[in-house]
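Remember, it's a predicted structure, so these values are computed and weren't measured experimentally. We name chains A, B, ... by the order of the sequence lines, and we start the count at 1 in each one.
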There are 2 protein chains.
Amino acid sequence: MSKEELKRVSDSKTTRLVKKGEPIFKEGEKLDGVFCVRDGVSKLSKLSANGKDQIVKLASKGEVIGQRSVVAEESVNLTAVAVSDMEVCFIPKEGIVSTLHTNPNFTLEVLRHMAHDLKEADDVIVNMSQKNVKQRMAEAFLYLKKNFGEDEEGFLRLVLSREDISNVVGTAIESCIRIISEFKKKGYLKTSGKKIGIADEKALNNLIEGF
Amino acid sequence: MSKEELKRVSDSKTTRLVKKGEPIFKEGEKLDGVFCVRDGVSKLSKLSANGKDQIVKLASKGEVIGQRSVVAEESVNLTAVAVSDMEVCFIPKEGIVSTLHTNPNFTLEVLRHMAHDLKEADDVIVNMSQKNVKQRMAEAFLYLKKNFGEDEEGFLRLVLSREDISNVVGTAIESCIRIISEFKKKGYLKTSGKKIGIADEKALNNLIEGF
DNA sequence: CGAGGCATTGAACTATGTCAAACCATGTGG
DNA sequence: CCACATGGTTTGACATAGTTCAATGCCTCG
């Protein structure tokens, strides 16, 4: 983006604090801008007919949410809720839309980003439909480690409730709990309070590969 | 796109016939262009660790396949196979990439398209993880009707093998077959040879909604 | 201390996958 | 024309993964 554009965006953006559990936007709303995550993590989920949420993506620092809706000029198809206390900045759509029309490099950048999201979504589809719950659980933990890291003691930085985990994996809470305790017993995971740590990454990988 | 650009693309494109069952491209390959479906239907699928294909999308006349890979400059993440005899035209990536860099309206158009695909993918994720096999089967038939239409006698135009259907729905062939015969017995579907027709659309919708 | 919310466990139930056998249309070579 | 291999389809019986419901424990906050 040109300096001028950058300045315009930077002038018009506003930051906002969102407490854990609070929504940033909800399915069906119309957004007049996008949000950029400054700090914290947000879950992007969708309510299904049976009343359960499915978490489709977790967005953290540096990620932009709501672009799909702004780009397509449609209402949002996902609900964004803070999983930890967050700081987000809001960028109104006017600036974005006009830049999209005039600056091909910016548009291309957004396009590449969306291409990446789409690929990830395809992978999720395959995982959801072809892998069993244990394998999906294993995937989820490795994903959490890869994307959010571990603390000094080897526990996952991002702490999710069992319910959130089951909404990522697409299973009943009880199944999720049982599998965590099974993994713990087998030495694949360790826990401390709500914190979960990966103890045997290789075993989890083997599980996913079907060994 | 400007006339000039359009001319360039139109000059460089070549058309190709693909017989039913033949691949257009395979997962992992590098594409040097995109394909536009002139006629027929292609299934886009991905092989999972357990050896089963998952069909992620069905592309028909007018749709472009392979853009994600060209835009992101990565190898393809899906395999495209013809489900019926096809005519596709190939558009080499040089023209596309240069246009992406120079023509923001074209880029934006592509971006909007991808935004739409992404939304659909999110929907599929939710369906896959939150709905049971019967509901997913019902969805699949309604999808086939909506996207590919029916013939004069009310049978779905696109005829898929039971295996393809089960790869769309993400289930075992036998489960798929059993559900088709159950739906038939209940009067939701009708069949004639391999052709399947929707007899009671409302009932299928109710099933999906969970009634 | 008591209430509410999350986590855990057990037991019963159901949906779905798996395996094996039978079936049917189709094409092939004798 | 028949015998037979072939590949997709169908059905039955069975095993298992996963869900659901109900009860209990456990922690935190007022």
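A 4.5 Å side-chain heavy-atom check between B:K61 and B:R38 finds every atom pair outside the cut-off.
Under the rule for a salt bridge (Lys or Arg N to Asp or Glu O under 4.0 Å), B:D53 has no partner lying at least two apart in sequence or in another chain. Applying the salt bridge (Lys or Arg N to Asp or Glu O under 4.0 Å) test to A:E73 and every residue at least two apart in sequence or in another chain returns B:R112. Remark: B:E182 engages B:K134, B:K186 in a salt bridge (Lys or Arg N to Asp or Glu O under 4.0 Å) (not counting sequence neighbours).
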Between the protein and nucleotides 5-7 of chain C, which nitrogen or oxygen pairs come in under 3.5 angstrom?
unit_1, atom_1, unit_2, atom_2, d
C:dA7, OP2, A:R162, N, 3.3

Restricting to nitrogen or oxygen on both sides, can you table the protein-nucleotides 19-22 of chain C pairs closer than 3.5 Å?
unit_1, atom_1, unit_2, atom_2, d
C:dC19, N4, B:E174, OE2, 3.2

Below 3.5 Å between N/O atoms, which protein atoms pair up with nucleotides 13-16 of chain C? Just atom names and distances, please.
unit_1, atom_1, unit_2, atom_2, d
C:dT16, OP1, B:V133, N, 2.9

All N/O pairs under 3.5 Å across the protein-nucleotides 24-30 of chain D interface:
none

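For the residue pair A:T79 / A:K46, no side-chain donor-acceptor distance below 3.5 Å is found, with atom types taken as modelled. No side-chain donor from either of A:K131 and B:S48 sits under 3.5 Å from a side-chain acceptor of the other.
DNA chain D lies under 4.0 Å from no heavy atom of any residue of residues 43-51 of chain B.
Residues A:D117 and A:R68 are not paired through a salt bridge, judged by the lack of any N-O separation under 4.0 Å between the basic side chain and the carboxylate. The pair B:E74-B:K30 fails the salt-bridge criterion, with no side-chain N (NZ, NE, NH1 or NH2) lying under 4.0 Å from an Asp/Glu carboxylate O.
The CD-P distance, from A:Q135 to D:dA17, rounds to 12 Å in whole Å. Atom NZ in B:K184 sits about 13 Å away from atom P in D:dT9, given to the nearest Å. Rounded to whole Å, atom P of D:dG7 lies 16 Å from atom NZ of B:K20.
A tilted orientation is assigned to the rings of A:Y188 and A:F183, their planes being inclined by 30° to 60°.
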Contacts table for residues 164-181 of chain A: side-chain donor-acceptor under 3.5 angstrom, sequence neighbours left out:
unit_1, atom_1, unit_2, atom_2, d
A:D164, OD1, A:K43, NZ, 2.8
A:S166, OG, A:R162, O, 3.2
A:S166, OG, A:E163, O, 2.8
A:S181, OG, A:R178, O, 3.0

Would you list the atom pairs, donor with acceptor, under 3.5 Å between side chains in residues 15-24 of chain B and any protein atom, with sequence neighbours excluded?
unit_1, atom_1, unit_2, atom_2, d
B:E22, OE1, B:K19, N, 3.3

Tabulate below the donor-acceptor pairs under 3.5 Å that side-chain atoms of residues 203-211 of chain B make, not counting sequence neighbours, or state none.
none

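The end-to-end axis angle of the helix from C:dC1-D:dG30 to C:dG30-D:dC1, rounded to 10 degrees and based on five pairs per end, is 20°.
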